[in-house]
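Here is the naming used below: chain letters follow the sequence lines, and residue numbers restart at 1 for every chain.
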There are 2 protein chains.
Amino acid sequence: MFKKPECDDCLTRTKSCFVHLVNEDIIELNENKVCTLYKKGQNIFYEGSKPTGIFCLNKGKIKITKIGIDGKEHIVRIVMVGDLIGVRALIGGRNYASSSTAIEDSIVCYLNKHTFLKFIIKYPKMAHSLMTFLSHLLEESDYKMGSLALKPVRERLAESLLYLNNKFKPDFDLQNQNIHQINSLSREELANLIGTATETVIRLLSEFKKDKLIAIKGRKIFLLDIPKLKKVANIIE
Amino acid sequence: MFKKPECDDCLTRTKSCFVHLVNEDIIELNENKVCTLYKKGQNIFYEGSKPTGIFCLNKGKIKITKIGIDGKEHIVRIVMVGDLIGVRALIGGRNYASSSTAIEDSIVCYLNKHTFLKFIIKYPKMAHSLMTFLSHLLEESDYKMGSLALKPVRERLAESLLYLNNKFKPDFDLQNQNIHQINSLSREELANLIGTATETVIRLLSEFKKDKLIAIKGRKIFLLDIPKLKKVANIIE
DNA sequence: TTTCTTATATGATAATTATCATAGGTAGTT
DNA sequence: AACTACCTATGATAATTATCATATAAGAAA
């Protein structure tokens, strides 16, 4: 079991579009939401199904995936604490175009469509937050698309390590540690994230290790030389 | 020269988020907009620059592109008549992440940020339209990303031909023609759209031609067998 | 039309990446 | 602890795709 999060003192809420709610609406949000603990590997929703509300990630990590004809998986994005899941489908009035799966034990809060839309209409600022949120998702998707189209696997892998490190940083900063570690994704998932084969990822990681860019301990990957990784990733700043 | 389009009877406007405007606001829109004719190949804005307003495509076709380190171009999407351009950057408060270039002679209307944001605040429905618009862009980007990650070039090419044919259909339907023709993109642009080399596209098109899937007349590509193309593209419906 | 430039086409070859096979580790379970 | 299942690792090989070279054709301009 797990402790159901309370909206009024939820840090996650204050980072999301629900930050604009006040007083009784926070209470309504809290009363209407349904929180669920998804164990690692469990699905939140499936590609092709119809959204009935939206999800907010309170704890853990979620992968958003598409499945190809031959059953191969592509990870569209990784969802971090505070992000909403399923906005695009609900707002766009479409079925889910991808599935979502917990890659760590995760607490996910669900809010029904009716209440969500009511809040959007009542709070214009919430609509603006959602536009901004969608804009950022689009920017990330277009960036990733560009990498897939323009960069070879080696560069994409270095890029994804840096990207994940940035995403996961808050986890470590909370513990006041200065480590750069990636451990939530298997090699296969890393491959599915950058659109290549598992063996190719493993091989390239071995090379990165030989070149002292990273260290490997089991499934854990430690980033040792971030500047050099950026060079390998062909990232200019 | 060209005739400046008038907003009040503009079909393009009624397909966009500006459909919600009424009376004096339509007049204000009309008076504030600046329309420009971009000849084929001319740029509307550049990756990295700061948006000062939004653009609406009244006539023609625009490509949205990113440039890789080595100068290679990737076409993120093709913009059709009635679509807004630059929404993501303006709403997200970011610089342009991609450039835009006319691939046909195009008339583009520009509206300054101030007036645009004023309208969004005045018309909540316009905000909702924009959310829906962003949602659709995101769905398309995620779909394209999935194709790049999961599908080999051959499938992506067949897919893009079908995609472009659907996009360009209205052009022909207006003339009551039942032809399926793609002629606005060069082979190089087709390659940049699907993330491969120009020669690879040319080779695969030759194969498609040999297999009677398409016919080729100069730069023009005619789709002869759409069902078979769908099979090649691995599209299920 | 003729010329000039650019795009398309095709072959040869190299580089990248995927697939198949198999061995060795790791972590979870009884 | 020992068993089991799965994940990581590495080699060998095949398939895909890119690059370079060059010929031909198409379209733009004089």
Side-chain angles (χ1 to χ4, degrees), chain A residues 39-41 68-74 103-105 147-161 182-211 214-222 232 234, chain B residues 39-41 63 68-74 103-105 147-161 181-211 214-222 232 234:
Chain A
K39 302 290 283 180
K40 180 176 173 171
I69 298 280
D70 50 359
K72 256 190 292 182
E73 170 185 283
H74 174 62
I103 56 175
E104 289 179 2
D105 292 358
S147 293
L148 283 165
L150 294 169
K151 293 186 172 184
V153 177
R154 186 187 185 78
E155 294 179 24
R156 298 210 298 273
L157 179 60
E159 187 170 83
S160 73
L161 292 178
I182 291 158
N183 57 26
S184 299
L185 296 177
S186 66
R187 302 292 186 268
E188 186 182 3
E189 285 173 321
L190 223 38
N192 294 345
L193 184 64
I194 64 175
T196 192
T198 309
E199 295 93 325
T200 303
V201 163
I202 291 172
R203 256 181 264 275
L204 287 170
L205 285 176
S206 297
E207 283 184 37
F208 287 177
K209 183 181 163 190
K210 210 175 59 188
D211 298 345
I214 62 170
I216 296 175
K217 276 223 176 84
R219 96 159 6 184
K220 283 184 207 140
I221 300 167
F222 298 89
V232 173
N234 234 327
Chain B
K39 302 288 283 179
K40 179 175 172 172
K63 65 177 176 184
I69 298 279
D70 50 359
K72 256 188 293 180
E73 169 186 285
H74 174 62
I103 55 173
E104 290 178 1
D105 292 358
S147 293
L148 282 165
L150 295 170
K151 293 187 173 185
V153 178
R154 185 187 187 77
E155 293 179 23
R156 298 210 297 275
L157 179 60
E159 186 170 83
S160 72
L161 292 178
Q181 176 192 337
I182 291 157
N183 57 28
S184 299
L185 296 177
S186 66
R187 302 291 187 269
E188 186 181 5
E189 286 173 321
L190 224 38
N192 294 346
L193 184 65
I194 64 175
T196 191
T198 309
E199 296 92 325
T200 304
V201 163
I202 291 172
R203 256 181 264 276
L204 287 171
L205 285 177
S206 297
E207 283 184 37
F208 287 178
K209 183 181 161 189
K210 209 174 60 187
D211 297 345
I214 61 170
I216 295 175
K217 274 223 176 85
R219 99 164 0 187
K220 284 185 206 140
I221 299 167
F222 298 88
V232 172
N234 234 330

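Between the side chain of A/R156 and the main chain of A/G195, a donor-acceptor pair closer than 3.5 Å is present. A/D105 places no side-chain N or O within 3.5 Å of a backbone atom of A/K39 that could act as its donor or acceptor partner. A donor-acceptor pair is defined here as one N or O able to donate and one able to accept, closer than 3.5 Å; such a pair exists between the side chain of B/S206 and the backbone of B/I202.
Between the side chain of B/R203 and the base of D/dT16, no donor-acceptor pair under 3.5 Å is found.
Atom NZ of A/K151 is separated from atom C1' of C/dT16 by 17 Å (rounded to the nearest Å). Straight-line distance from the CD atom of B/E207 to the P atom of C/dG11: 11 Å, rounded to whole Å. Regarding B/I214, its CD1 atom lies at a distance of 13 Å from the P atom of C/dT8, rounded to whole Å. The CG-P distance, from B/N183 to C/dT8, rounds to 12 Å in whole Å. Between B/L190 atom CG and C/dA7 atom P there is a gap of 14 Å when expressed in whole angstrom units. If you measure from atom CG of B/L157 to atom C1' of D/dT17, you get 13 Å, rounded to the nearest angstrom. We find that CG of A/L150 is positioned 16 Å from P of D/dT17, with the value rounded to whole Å.
Counting heavy atoms from C-beta on, the side chains of B/N192 and B/H74 never come closer than 4.5 Å. A/R187 has its side chain within reach of A/I221: a pair of non-hydrogen atoms, C-beta onward, lies under 4.5 Å apart.
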So which protein nitrogen or oxygen atoms get under 3.5 Å of nucleotides 4-9 of chain D's nitrogens or oxygens?
from  : atom 1 : to     : atom 2 : distance (Å)
D/dT8 : OP1    : A/R187 : N      : 3.4
D/dT8 : OP2    : A/R187 : N      : 3.2
D/dA9 : OP2    : A/R187 : NE     : 3.1

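The side chain of A/T200 places no N or O atom within less than 4.0 Å of a non-bridging phosphate oxygen (OP1 or OP2) of C/dT16.
Using a 3.5 Å distance cut-off with no hydrogens or angles, the side chains of A/E188 and A/T198 do not pair a donor with an acceptor.
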